[in-house]
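In this text the structure is predicted, and so the values were computed from the model without any measurement. Only heavy atoms go into these numbers, but all of them, side chains included; no hydrogens, no water, no symmetry mates.
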Amino acid sequence: MSEVPAPVAPGALYGIGVGPGDPELMTLKAHRLLRSSDVVAHFAARGRPGNAWGVVAPHLRPGQREVRLEYPVTTEALPVGTSYEDLLVAFYDESADRVAALLDAGSDVALVCEGDPFFYGSYMYMHNRLAPKYTTEVVPAVPAMAAGAAVLGAPLVCRDEVLCVLSGVLPEDELVARLEAAGAAVVMKLGRNLAKVRSAVERAGLLEYAHYVERATMDRQRVLPLAEVDPATAPYFSMVLIPSRTASQR
């Protein structure tokens, strides 16, 4: 009788945060697991290399397999009747199936994510689908807002101040209300939302304290007062910071 091959043990999934863009801000643990994994998967917009891939590519060893997970949509306008949420749910379902097939074949997969995986990171949607079935480990990283404060050179909060982290996709009135109640604030996900965010900041009486940070720690980094920014020029990877107004007084 021929021997029946032993079943292959599933591989492990590593959700690796690679930091805000500067390759030197990737942690030692992220670097170790990245290089030890059989497969490196990453998200990317259509026709673009992907920011996380740009960070990790120089650190890979020969023979590692790349799996590109390409978004069907990003920030472009969609035809009438097309649901952005439905498209993304289907994309994450399909992407999770692709990664699951690799894990079932015994490959360890490093799924890299710009910034921190659980702070507005795309990895979280894969984690929700795969963690119940596979061994997973999440490697935290320097989040974009921490990098933004560092390049701005201003403390975000001190002592008993409250930091409010907001998404730029929120309605303007809600942004105003939350900004008025915060001791300091960070608004993420700008892009086409910048004009609305600026209006909300101005209505909250905070424009003179607000700063715009674009591509923090990357080669094309920009830092300037929010009042001086052309709202039409903001990419998705930009943020508004309204740092502590009391830290310098203590």
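Judged by distance alone, the side chain of Glu202 and the main-chain N or O of Ser199 form no donor-acceptor pair under 3.5 Å. Between the Gln221 side chain and the Thr217 main chain, a donor and an acceptor come within less than 3.5 Å of each other. Put simply, the side chain of Ser244 gets close to the backbone of Thr246: a donor and an acceptor are under 3.5 Å apart. In this structure a side-chain-to-backbone donor-acceptor pair under 3.5 Å is missing from Asp108 to Asp38. Panel note: side chain Ser37, backbone Val40; no donor-acceptor pair is recorded below 3.5 Å. A distance-only check finds a donor-acceptor pair linking the side chain of Asp116 to the backbone of Ala141 [under 3.5 Å]. Side chain of Lys196 to main chain of Leu170: a donor-acceptor pair is present (N/O by atom type, distance under 3.5 Å, no hydrogens or angles). No donor-acceptor pair closer than 3.5 Å links the side chain of Glu114 to the backbone N or O of Ala144.
His211 meets the ring-ring contact (aromatic ring centres under 6.0 Å, His included) test with no other residue; sequence neighbours excluded. Listed by chain and residue number, nothing satisfies the ring-ring contact (aromatic ring centres under 6.0 Å, His included) test with Tyr209 (two or more places apart in sequence, or in another chain). The salt bridge (Lys or Arg N to Asp or Glu O under 4.0 Å) search around Glu174 returns Arg178, not counting sequence neighbours.
Ser238 approaches Leu190 most closely through the heavy-atom pair OG-CB, 3.4 Å. Nearest approach of Pro23 to Val55, heavy atoms of both residues: CA-CG1, 3.9 Å. Residues Gly183 and Arg245 come closest through the heavy atom pair O-NH1, 3.6 Å.
For the pair Leu206 and Leu226, the minimum side-chain heavy-atom distance is 4.5 Å or more. Contact annotation: the side chain of Val56 never approaches that of His42 to less than 4.5 Å [non-hydrogen atoms, C-beta and beyond]. Residues Leu69 and Tyr92 have side chains not in contact (no heavy-atom distance under 4.5 Å, counting atoms from C-beta outward). Taking 4.5 Å as the limit, some side-chain heavy atom of Leu60 sits within range of a side-chain heavy atom of Trp53. Counting heavy atoms from C-beta on, the side chains of Tyr120 and Pro143 never come closer than 4.5 Å. Counting heavy atoms from C-beta outward, Pro20 and Phe237 have side chains that stay 4.5 Å or more apart.
At a threshold of 4.5 Å between side-chain heavy atoms, the hydrophobic network of Ile, Leu, Val, Met, Phe, Trp and Tyr places Val142 and Val138 in two separate groups. Under a hydrophobic-cluster definition in which Ile, Leu, Val, Met, Phe, Trp and Tyr are linked whenever side-chain heavy atoms come within less than 4.5 Å, directly or via other members, Val151 and Val186 are assigned to the same cluster. Note on Phe119 and Met126: separate hydrophobic clusters, where clusters join Ile, Leu, Val, Met, Phe, Trp and Tyr whose side-chain heavy atoms are under 4.5 Å apart, directly or indirectly. Val201 and Leu241 fall into different hydrophobic clusters, where Ile, Leu, Val, Met, Phe, Trp and Tyr are joined by side-chain heavy atoms under 4.5 Å apart, directly or via other members. Neither Leu34 nor Val67 shares a network with the other; the hydrophobic side chains, linked directly or stepwise wherever heavy atoms of I, L, V, M, F, W or Y lie under 4.5 Å apart, form separate groups for each.
Every pair passing salt bridge (charged side-chain N to carboxylate O under 4.0 Å, His left out) that includes a residue from residues 220-235 is listed here, sequence neighbours excluded: Glu214-Arg222. Screening residues 10-33 for ring-ring contact (aromatic ring centres under 6.0 Å, His included), with sequence neighbours left out, gives His31-His59. Among pairs with a residue in residues 165-204, none fulfils ring-ring contact (aromatic ring centres under 6.0 Å, His included), at least two apart in sequence or across chains.
Here the OG atom belonging to Ser95 is positioned 11.5 Å from the CZ atom belonging to Arg68, to the nearest 0.5 angstrom.
Between Arg129 and Asp97 there is no salt bridge, since no side-chain N of the basic residue sits under 4.0 Å from a carboxylate O of the acidic one.
Atom OH of Tyr125 sits in a sparse spot, with 12 or fewer heavy atoms from other residues, nucleotides or ligands closer than 6.0 Å. Atom CZ of Arg65 has 12 or fewer heavy atoms from other residues, nucleotides or ligands within 6.0 Å.
Checked options Val229, Leu194, Val213; the residue passing with Val240 is Leu194 (criterion: side chain to side chain contact (heavy atoms under 4.5 Å, CB included)).
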Tyr123 vs Leu13, side chain to side chain contact (heavy atoms under 4.5 Å, CB included): CA-CA, chis, key distance, verdict: CA-CA 11 Å; Tyr123 167 79; Leu13 173 65; 3.9 Å; yes
Side chain to side chain contact (heavy atoms under 4.5 Å, CB included) assessment of Tyr134 paired with Val109: CA-CA 11 Å; Tyr134 300 95; Val109 179; over 6 Å; no
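Between Tyr71 and Phe43, the ring-plane angle classifies as parallel under the 30° and 60° cut-offs.
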